[in-house]
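First comes the structure, then the notes that go with it.
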Amino acid sequence: QVQLVESGGGLVQAGGSLTLSCAASGTIFSINHMAWYRQAPGKQRELVAVTTSGGSTSYADSVKGRFTISRDNAKNAVYLQMNNLKPEDTAAYYCNAAARIYSGSRYYDYWGQGTQVTVNS
């Protein structure tokens with residue numbers, strides 16, 4: 001089984017910065033993409049940023065130029081640097097990874113428990 005544990009959420013003023021971290025542990029053969037999603041109250045979960053095993057990245061339009069996703073393959077970790085935060089960034093942020101536990105198995109999606117980010121105006 002694969003576990004994802006997030007950290008780094010909190011309360012920040014508008015214009016401030018936070019860095020989220022997520023570490024994958026357990027029986028892991030390889031990880032394909034790693035991503036951050038977020039879900040605000042009353043809204044659907046949305047993709048914020050994703051990075052592939054090759055290092056390609058993609059961002060939601062709402063965070064382009066403000067958020068940066070990065071990963072450390074040696075640590076099976078992914079990070080989200082969030083700058084110039086806005087009140088509309090307030091949400092629970094979830095780490096996601098597509099991982100397989102042995103060679104030849106299919107990739108399965110795994111999720112962290114979520115970390116709250118609250119941005120005050």
Side-chain angles (χ1 to χ4, degrees):
Q1 190 60 286
V2 176
Q3 298 83 37
L4 301 180
V5 178
E6 303 112 331
S7 61
L11 176 64
V12 66
Q13 295 296 315
S17 298
L18 282 174
T19 300
L20 305 183
S21 301
C22 172
S25 62
T27 304
I28 300 172
F29 179 79
S30 65
I31 297 177
N32 191 355
H33 72 263
M34 301 188 81
W36 289 96
Y37 285 74
R38 67 186 181 187
Q39 187 168 20
K43 294 187 177 182
Q44 289 189 330
R45 189 173 295 191
E46 63 173 354
L47 176 64
V48 176
V50 59
T51 178
T52 67
S53 57
S56 298
T57 59
S58 182
Y59 298 90
D61 287 343
S62 59
V63 307
K64 282 180 181 177
R66 300 188 297 121
F67 290 10
T68 302
I69 189 171
S70 60
R71 66 189 282 175
D72 184 333
N73 290 327
K75 296 182 179 179
N76 288 329
V78 64
Y79 310 95
L80 187 68
Q81 174 67 44
M82 304 184 293
N83 297 326
N84 190 22
L85 283 159
K86 303 176 180 180
E88 51 263 43
D89 295 318
T90 295
Y93 284 71
Y94 296 90
C95 176
N96 165 259
R100 56 180 178 174
I101 61 174
Y102 61 87
S103 176
S105 71
R106 56 163 286 184
Y107 285 95
Y108 288 91
D109 268 327
Y110 296 91
W111 294 87
Q113 79 288 354
T115 185
Q116 180 66 34
V117 172
T118 301
V119 184
N120 284 341
S121 57

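- A cation-pi contact, defined as under 6.0 Å to the ring centre and within 45° of the axis, links R45 to Y94.
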All N/O donor-acceptor pairs, side-chain side in residues 102-109, below 3.5 Å, sequence neighbours left out:
unit_1	atom_1	unit_2	atom_2	d
S105	OG	Y102	O	2.8
Y107	OH	S30	OG	3.1
Y107	OH	R100	NE	3.3
D109	OD1	N96	ND2	3.4

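- Once rounded to the nearest 0.5 Å, the distance linking CD of Q116 with CZ of R38 reads 11.5 Å.
- Across all their heavy atoms, L4 and A24 have their closest contact at CD2-CB, 3.3 Å.
- Without hydrogens or angle criteria, T52 side chain to H33 main chain gives no donor-acceptor distance under 3.5 Å.
- Partners of K43 under the salt bridge (Lys or Arg N to Asp or Glu O under 4.0 Å) rule, at least two apart in sequence or in another chain, do not exist in this structure.
- The hydrophobic clustering, which links ILVMFWY residues whose side-chain heavy atoms are closer than 4.5 Å, places V50 and F67 apart.
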Quick one: side chains of residues 9-21, donor-acceptor pairs under 3.5 Å with protein atoms, not counting sequence neighbours, listed by atom name and distance.
unit_1	atom_1	unit_2	atom_2	d
S17	OG	N83	OD1	3.0
T19	OG1	Q81	OE1	2.4

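- Residue pairs satisfying the disulfide (SG to SG under 2.5 Å) criterion with at least one member in residues 90-121, sequence neighbours excluded, are listed as follows: C22-C95.
- Between K86 and D89 there is no salt bridge, since no side-chain N of the basic residue sits under 4.0 Å from a carboxylate O of the acidic one.
- Between Y37 and W111, the ring centre distance stays below 6.0 Å.
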Please evaluate residues Y59 and V48 with respect to the criterion side-chain contact (heavy atoms from CB on, under 4.5 Å), reporting the C-alpha separation (whole Å), side-chain torsions for both, the decisive distance (0.1 Å), and the verdict.
CA-CA 6 Å; Y59 298 90; V48 176; 5.9 Å; no
For residues 73-80, please give each side-chain donor-acceptor pair under 3.5 Å, one per line with the distance, not counting sequence neighbours.
unit_1	atom_1	unit_2	atom_2	d
N73	OD1	R71	NE	2.7
N73	OD1	R71	NH2	3.2

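- Between Q1 and I28 there is no side-chain heavy-atom pair separated by less than 4.5 Å.
- Side chain of T90 to main chain of V119: a donor-acceptor pair is present (N/O by atom type, distance under 3.5 Å, no hydrogens or angles).
- Residues M82 and R66 have side chains not in contact (no heavy-atom distance under 4.5 Å, counting atoms from C-beta outward).
- Under the rule for a ring pair (Phe, Tyr, Trp, His ring centres under 6.0 Å), Y110 has no partner lying at least two apart in sequence or in another chain.
- The OG atom of S70 sits 10.5 Å away from atom CE of M34, with the distance rounded to the nearest 0.5 Å.
- The shortest non-hydrogen separation linking V5 to Q113 is CA-OE1, 4.0 Å.
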Let me see the working for E46 and Q39 under side-chain contact (heavy atoms from CB on, under 4.5 Å), right down to the final yes or no.
CA-CA 6 Å; E46 63 173 354; Q39 187 168 20; over 6 Å; no
